[in-house]
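Input: a single structure, listed below in structure tokens.
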Amino acid sequence: KGVKFNIATGRIFRQAYKMTKDSLDINGYYICENGSFIHDKDHKMIYKGTIDDDLVKKVISRFKSSKAHLYFKYNGRIVLLEDIQKIKSYTNDYIIDPKFINKDSFEDLVGNIGVVSNDLDELYTIELYLKSEFSEALDIYFSAENTINIVPKGVSKRKSIEYVCNILGLNEDEIATIGDSPNDINMLEGIKYSFAMYNSRESVKKSANYTVKSVADAIEIIKKINGVE
């Protein structure tokens, strides 16, 4: 119907492409790792917003927990330091490298550091600590119930959507954002056509102007608002 369709996800590019390649002919952009990387429809990377190597090393050196685990999104791959059961429920597309944190250089290719745990109290404590230490340089937030994301300051799905809008010559009233997770909140808030899925958390639904059961429902609402048959 002539609409540019874009994927905005916390996943790495290869996962986003694999999940959509057989069902969607993407004519827009792949916004991956919550905005750290943007790829065009031909898979060319057009934007990179990664964590400075020195900051990565500081996070590693100050992370202390026996109940939570670090993982890294590095150069388009998910890197675990050990086998993490919680990650297996999310994807099997990862590598395990316990020596990763000892690298001399990460080549400024770490787009996202994750902290995962089944102990929510531990995660809340870690979130508070990380914010107290790194909030001036990094954004730290829950991306799922058992996962904290650590990303470069100002890097987000929302910022990447603004970047894509600038490329396409669009303003925010000409786009729709549709999401269902806490890391979608910043791309739903303040957008005229923002839609949360009906089974989302309350915090996600409150951030959107509409709640729907499907993308098709969102399209119908947009058409009705604009008097399109």
Side-chain angles (χ1 to χ4, degrees), residues 3-20 23-24 26 28-39 47 49 71 73 78 86-87 89-91 111-116 120 123-124 127 130-131 138-168 170-222 225:
V3 175
K4 290 280 186 183
F5 189 82
N6 310 276
I7 298 293
T9 178
R11 294 179 181 270
I12 57 177
F13 169 71
R14 56 188 281 161
Q15 291 176 338
Y17 173 67
K18 184 178 180 180
M19 291 174 70
T20 58
S23 56
L24 291 171
I26 300 296
Y29 294 84
Y30 296 85
I31 294 168
C32 299
E33 297 184 35
N34 293 323
S36 293
F37 294 90
I38 304 175
H39 295 255
Y47 174 82
Y71 68 89
K73 292 179 181 176
I78 297 175
K86 197 68 183 175
I87 298 291
S89 64
Y90 171 72
T91 181
N112 188 306
I113 302 172
V115 184
V116 62
L120 289 182
L123 279 182
Y124 287 128
E127 180 194 26
L130 291 173
K131 284 183 174 180
L138 298 169
D139 283 330
I140 297 133
Y141 55 85
F142 273 80
S143 60
E145 185 175 0
N146 300 95
T147 307
I148 294 171
N149 269 184
I150 304 166
V151 299
K153 195 75 175 178
V155 169
S156 66
K157 290 184 180 182
R158 176 62 168 268
K159 289 295 182 182
S160 292
I161 288 170
E162 292 172 0
Y163 186 93
V164 167
C165 283
N166 187 54
I167 293 173
L168 298 176
L170 301 174
N171 64 57
E172 290 184 353
D173 285 347
E174 296 177 280
I175 67 169
T177 56
I178 305 173
D180 64 358
S181 300
N183 61 353
D184 294 324
I185 289 174
N186 66 50
M187 75 171 195
L188 297 172
E189 288 180 329
I191 298 292
K192 180 179 179 181
Y193 300 114
S194 57
F195 299 87
M197 304 308 289
Y198 78 101
N199 57 350
S200 305
R201 288 184 180 187
E202 284 303 313
S203 60
V204 179
K205 288 190 279 190
K206 286 180 180 178
S207 69
N209 285 329
Y210 303 93
T211 301
V212 292
K213 290 187 176 181
S214 70
V215 175
D217 289 345
I219 292 170
E220 289 304 312
I221 289 172
I222 294 169
I225 292 171

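Just so it is clear, the model here is predicted, and its values are computed rather than measured. Below, each value reflects all heavy atoms present in this structure, side chains not excepted, and no hydrogens, waters or symmetry copies.
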Please round to the nearest 0.5 Å and tell me the distance separating atom [atom1] of [X] and atom [atom2] of [Y].
X	Y	atom1	atom2	value
S36	I12	OG	CD1	12.5 Å
N6	K157	CG	NZ	12.5 Å
T9	Q15	OG1	CD	8.0 Å
I167	Y29	CD1	OH	4.5 Å
L170	I161	CG	CD1	12.0 Å
K73	R11	NZ	CZ	8.0 Å

Contact check, side chains of [X] and [Y], non-hydrogen atoms, under 4.5 Å:
X	Y	answer
T211	M197	no
I140	I148	yes
R158	I191	yes
K153	D139	yes
F142	L123	yes
V204	D180	no
Y193	N209	no
N146	L120	yes

Original post:
Between the side chains of N34 and N149, does any donor sit under 3.5 Å from an acceptor?
Top reply: yes
**OP:** Give a yes or no on this: more than 12 heavy atoms of other residues, nucleotides or ligands lie within 6.0 Å of atom NZ of K159.
**Re:** no
Nearest heavy-atom neighbours spanning [X] and [Y]:
X	Y	value
A208	S194	CA-OG, 3.5 Å
V151	V155	CG2-O, 3.6 Å
G179	D184	CA-OD2, 3.4 Å
I222	A176	CD1-CB, 3.7 Å
A16	C32	CB-SG, 4.2 Å
G49	P152	O-CG, 3.3 Å

Original post:
How about Y30 and F37: are their ring centres within less than 6.0 Å of each other?
Top reply: no
Original post:
Does the distance from a Lys or Arg side-chain N to an Asp or Glu carboxylate O, for E174 and K4, drop under 4.0 Å?
Top reply: no
Original post:
Between Y210 and F195, how do the two ring planes meet: parallel, tilted or perpendicular, split at 30° and 60°?
Top reply: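 Answer is parallel, since the angle falls under 30°.
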Subject >> T177 side chain to M187 backbone, donor-acceptor under 3.5 Å >> reply: yes
